[in-house]
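Only one structure is covered here, and it is reproduced in the block below.
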Amino acid sequence: MVQPNNRVYPISWVSREKYEAMKNQLNQLSKQTNTDIFFNEKEQFFEIKGRSTKTVEEVTKLILDRLIPVLYRDLDLLRGTGPSSIDYKKAMSDLSNKQNVSQNLENSSNPSNPKEVSDSEDDDYSDDSEYSYSDDSLDYMRPKKNNEKGKNQTSESETMKKKANETHGFFTFAKNVKNPEDILFGPPYETMAAADYLWIVGCETGTECSLDSNKTVQIFGHNESKVQSAIEKFRFLQSLYKRLRRPTVVTPCIHYRTEGEYRLNFCDLRDYVDESSVALPKNFQRPAYVLIPSFKDPKSGNFMRPKGLSATAQVDSSKQQQKQIQKKAPKSIYDELDDRFSEAHISSPNAPQSPLSWSSGQFNERTSAPPGETPLWGEQKYTTNPSKSASRGRGGGRGGGRGGLNNSFANRSGAQETPRWGTPPPVTVANDDFPALGGGSSPSGRGRGQQQRGGASNGRGRRVMRLTPQKAPKPDPTKSKSMLTMAKEYNMFSIKEALSDSLETARQFRGEVTLKAKLGKVLWRNIPKEVGKSKIWNYTDIKDVCMKELRIQPTFNNVTITRGDIAQTVWRAVEQAFGPSVKSSSFFEIHVDGRSKASEPMKPAVLYTEASWANFFKVDLNKHTLTEIDWVSLDSKFDFQMSLQVNEIGRKEVSPFKPFIRRVALRPSSDGKTNALAYQNVGEGRLLKVKEIYHKQVSLFNVSKDVVLKMTRFENVPSEIETTGSEAKYSATTGRGFVGFDIELLYKPYEEKFKQNIDKPIFGDTQWTKDDIFGQNDHVFTRFMSSILHTMNILEKALD
């Protein structure tokens, strides 16, 4: 078992006589605090072991404040003699005094009133020392102190045993939690740079908590209720940790503004008509695809060539390609159902039968067209020429030559005509066609063996059930829904399903929560070759078939505009529609990798400083995207992505950020505007290293009373080295990097509710709920969505 422990190394030498003078008082302090205090004469250190980090820290503080100053008098060269035995006895008397001990324990067990630390206390510490300042925001992302492996880990001391008047409990972390310390140490809390949840839970519940080597927290308390309360808090921390590390929930939504029956086609970006309007981020990799609609011709009933497809694009529909698709295409659930249904035999005296052909996302597909039949674009079906295909008789059934479902259910070996849907089956059915099902087959014959086993069970064998086709009721014109209405309802259902669970996770999170929509373009990757360029899909198939079965993934380009002329047009359209900007700001966004000590792994962080002067106003640590809604607008140049994100906020006055801030300088240009940022890495890049720098200019517009449009011009500013050596200096000058524009929409009522997460209690949910986000009958969320679509329509008209 790994006990919480601390070691205190005094500078002065402690002889056996000195230790004997203080031994009794140390033993008394050990009993009062339920800890073990030892002194190693050989290596000269005091070791304190206890049942919780909180208790060990308290006793350590007592020794540092009461005992160590007395020992240090030996080093005072101005004194003629060292401290006498009377001095040691007096110091140890103060150390073991019950009133002092209880007062110190009471002060240190109150995390809500920590000791104030002034900025002047940090003026003398060394910036470059890796051991100078341990109170850092990245500290919670690494194993904490007092976890030294090796000595004294297998033996259990008396302090870890349950006392007569105590209650003992434990909480064991789940097996899929690799490192429990990732849960037990979190983002900054109060004045703590890294929240120590063993300490915090112990203080809030009045218990002592420690983690052993078996991923179990040992909890000691004076009554059962306090121990159970501590267990529930650890369970809350584990639940939140696992929720934040789930894969991002990605949900596609397909939208078309006007009424019309359409199917969807994956179009290569190079064949897209509006390819020039698609903003491509830096280091963009092809291939990428976009979704375009294919509408049905009202005269012929066939789906036409998509308008979004360029004139030079070719559609591959050759017989050879179709045969390759049939061979290489993986079996979907529809193909498996085809194989199962084809095993059933439908007896009819005059019906010619043919096998059912289903494929992923389309019914009744043929790999090639028979003689006299012409393939349709987008569907591997065929039309029938009556003069050349009269011999097919009634095989077309309802739906005619377009391949209705009545061609489907058929006997592979029969030469009879397939009956229409609704045709009653024959009255008498041969027993050989529907034999009893048994547990196995005999060598002499399947049917005979099944009959024998059926007779063995009182003549009641299991038989295949005939499913009689029934006529569907006539649709009620008054209750029928248009495709536009069905798509809206489907999108709303998908969005609520994706956001509901993630909003519950956000309620438990302490930090920054955002729900915003960003304009851009939804691109698609991992398109299998066997799908083909001419394959068309229903809007419900994109999520259920393309993403889940074929593993096609949507990818948001994450930038709205990269062309300056389009940005000027959009800016003018926004000002004409919503008026001038209500607020503007400019700042640098510095992406770094940092750590407080060289023995720790590097962790990413983002620092924000105002462009007018070096005022660092924010530090971001970890950002988790819980849900992404990829909204595809088929009749617009812009799509948008709505994302629900949570962000852990750090502190700028701790290492390694504080020494880095001292190494940053802003250089104004001749016109008085800041356009350059000079900086140095910390510890030659071993403690903090700058990865990227962005210069951002933000303007806010009021779309409505509750909706804000945020337009950002960003530049990825390149860095250049100015001086080399151990103290290398770098400069990042604006006007030389990749420039892009982002358009985001925020909902003010959401922002007000999410402010509760900044200062919420660690253990518990916020007061807002998911019903506050959606509103009664979803009217709140619908209002936000309407504002987004209204803004997109304005920009679309301006670009047309």
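- Atom CZ of residue Arg551 and atom CD of residue Glu549 lie 9.0 Å apart, to the nearest 0.5 angstrom.
- We find that Asp297 and Lys299 are not joined by a salt bridge, their nearest charged nitrogen and carboxylate oxygen being 4.0 Å or further apart.
- Note that CG of Asn265 and CD1 of Ile292 are 5.0 Å apart. Values are rounded to the nearest 0.5 Å.
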- Check against side chain to side chain contact (heavy atoms under 4.5 Å, CB included), Val570 and Phe741: CA-CA 10 Å; Val570 170; Phe741 299 84; over 6 Å; no

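- Around the CG atom of Asn777, the shell of radius 6.0 Å holds no more than 12 heavy atoms that belong to other residues, nucleotides or ligands.
- Counting only distance, with no hydrogens or angles, the side chain of Asn681 and the backbone of Val690 share a donor-acceptor pair below 3.5 Å.
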Hey, can you pull the donor-acceptor pairs under 3.5 Å for the side chains in residues 624-634, sequence neighbours left out?
from, atom 1, to, atom 2, distance (Å)
Thr625, OG1, Gln645, NE2, 3.2
Thr627, OG1, Ala498, O, 3.3
Thr627, OG1, Ser502, OG, 2.5
Glu628, OE1, Gln641, NE2, 3.4
Asp630, OD1, Gln641, NE2, 3.0
Trp631, NE1, Ser633, OG, 3.4

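- When the side-chain contact (heavy atoms from CB on, under 4.5 Å) test is applied to Glu744, the partners found at least two apart in sequence or on another chain are Lys516, Lys518, Lys710.
- Scanning all heavy atoms of the two residues, the minimum distance from Gln767 to Gln756 falls at N-OE1, 3.1 Å.
- In this structure, Phe578 and His790 have perpendicular ring planes: the angle between them is above 60°, well past the 30° mark.
- Around the NZ atom of Lys307, the shell of radius 6.0 Å holds no more than 12 heavy atoms that belong to other residues, nucleotides or ligands.
- Using a 4.5 Å heavy-atom threshold, the side chains of Pro749 and Asp706 count as touching.
- Rounding to the nearest 0.5 Å gives a distance of 9.5 Å between CE of Met642 and SG of Cys253.
- In this structure, Phe754 and Tyr750 have tilted ring planes: the angle between them lies in the 30° to 60° band.
- Across Phe509 and Asn757, no two heavy atoms sit closer than the pair O-ND2, 2.8 Å.
- Side-chain contact between Lys770 and Leu499: absent, with no pair of heavy atoms (C-beta onward) separated by less than 4.5 Å.
- In this structure the side chain of Arg286 reaches within 4.5 angstrom of the side chain of Arg270, judged on heavy atoms.
- A side-chain donor-acceptor contact under 3.5 Å links Glu715 to the backbone of Gly735.
- Residue Trp768 holds its CH2 atom at 10.5 Å from NZ of Lys760, rounded to the nearest 0.5 Å.
- Between Tyr262 and Tyr256, the angle of the ring planes lies from 30° to 60°, which puts this pair in the tilted group.
- With hydrogens and angles ignored, the 3.5 Å screen pairs a side-chain donor or acceptor of Ser636 with a backbone N or O of Phe638.
- Contact record, Asp742 with Val559: OD1-CA, 3.4 Å, taken as the closest heavy-atom pair.
- The side-chain contact (heavy atoms from CB on, under 4.5 Å) test with Leu519 is passed by exactly one of Leu795, Asp639, Ile561: Leu795.
- A search for ring-ring contact (aromatic ring centres under 6.0 Å, His included) contacts involving Tyr730 returns Tyr679, not counting sequence neighbours.
- Residue Lys637 places its NZ atom among more than 12 non-hydrogen atoms of other residues, nucleotides or ligands, all under 6.0 Å distant.
- Here Tyr539 pairs with Tyr490 under the ring-ring contact (aromatic ring centres under 6.0 Å, His included) rule; sequence neighbours left out.
- Side-chain contact check for Thr540 versus Lys543: every heavy-atom pair is 4.5 Å or farther apart.
- Between Phe587 and Phe617, some side-chain heavy-atom pair lies under the 4.5 Å cut-off.
- Between Asp778 and Lys496, at least one side-chain N (NZ, or NE/NH1/NH2) sits under 4.0 Å from a carboxylate O, which counts as a salt bridge.
- Counting heavy atoms from C-beta outward, Ile590 and Leu677 have side chains that approach closer than 4.5 Å.
- One finds the CD1 atom of Ile743 at 13.5 Å from the CZ atom of Phe640 (value rounded to the nearest 0.5 Å).
- The minimum heavy-atom distance between Val707 and Ser787, with the atom names listed, is CG2-OG, 3.5 Å.
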- Message: Apply side chain to side chain contact (heavy atoms under 4.5 Å, CB included) to residues Leu280 and Thr562 and explain how you reach the verdict.
- Response: CA-CA 7 Å; Leu280 300 180; Thr562 54; 5.9 Å; no

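- In this structure, Asn557 and Gly520 approach most closely via the heavy-atom pair OD1-CA, 3.5 Å.
- For the residue pair Glu589 and His591, a side-chain donor N or O sits within less than 3.5 Å of a side-chain acceptor on the partner.
- Looking at Arg572 and Glu575, no side-chain N of the basic residue comes within less than 4.0 Å of a carboxylate O on the acidic one, giving no salt bridge.
- Using a 4.5 Å cut-off on side-chain heavy atoms (C-beta onward), Glu720 and Glu722 make no contact.
- For the pair Glu512 and Lys618, the salt-bridge criterion is met [side-chain N within less than 4.0 Å of a carboxylate O].
- Just one of Thr514, Asn622, Asp620 meets the side chain to side chain donor-acceptor pair (under 3.5 Å) condition when paired with Asn647; it is Asp620.
- In this structure, the side chains of Phe657 and Arg651 stay at 4.5 Å or more apart for every pair of heavy atoms.
- Of the possible donor and acceptor atoms, none in the side chain of Asp271 sits under 3.5 Å from a partner among the backbone N and O of Asp268.
- Taking all atoms of both residues into account, the shortest heavy-atom contact from Thr505 to Arg243 is OG1-NH1, 2.7 Å.
- Partners of Thr555 according to the side-chain contact (heavy atoms from CB on, under 4.5 Å) rule, which considers only residues two or more places apart in sequence or in another chain, are Arg525.
- Salt bridge status for Arg246 with Asp501: present, with a side-chain N to carboxylate O gap under 4.0 Å.
- Counting only residues at least two apart or on different chains, no ring-ring contact (aromatic ring centres under 6.0 Å, His included) pair has a member in residues 268-289.
- Distance NZ/Lys696 to OG/Ser586: 11.5 Å, rounded to 0.5 Å.
- Checking side-chain atoms of Asp772 against main-chain N and O of Thr769 turns up a donor-acceptor pair under 3.5 Å.
- Under a 4.0 Å N-O distance rule, the pair Glu751/Lys748 does not qualify as a salt bridge.
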- Query: Going through the checks in order, is the side chain to side chain contact (heavy atoms under 4.5 Å, CB included) test met by Phe588 and Thr734?
  - Reply: CA-CA 10 Å; Phe588 284 97; Thr734 59; 4.2 Å; yes

- Derivation and outcome, side chain to side chain contact (heavy atoms under 4.5 Å, CB included), residues Arg563 and Ser277: CA-CA 8 Å; Arg563 291 173 49 184; Ser277 64; 5.6 Å; no

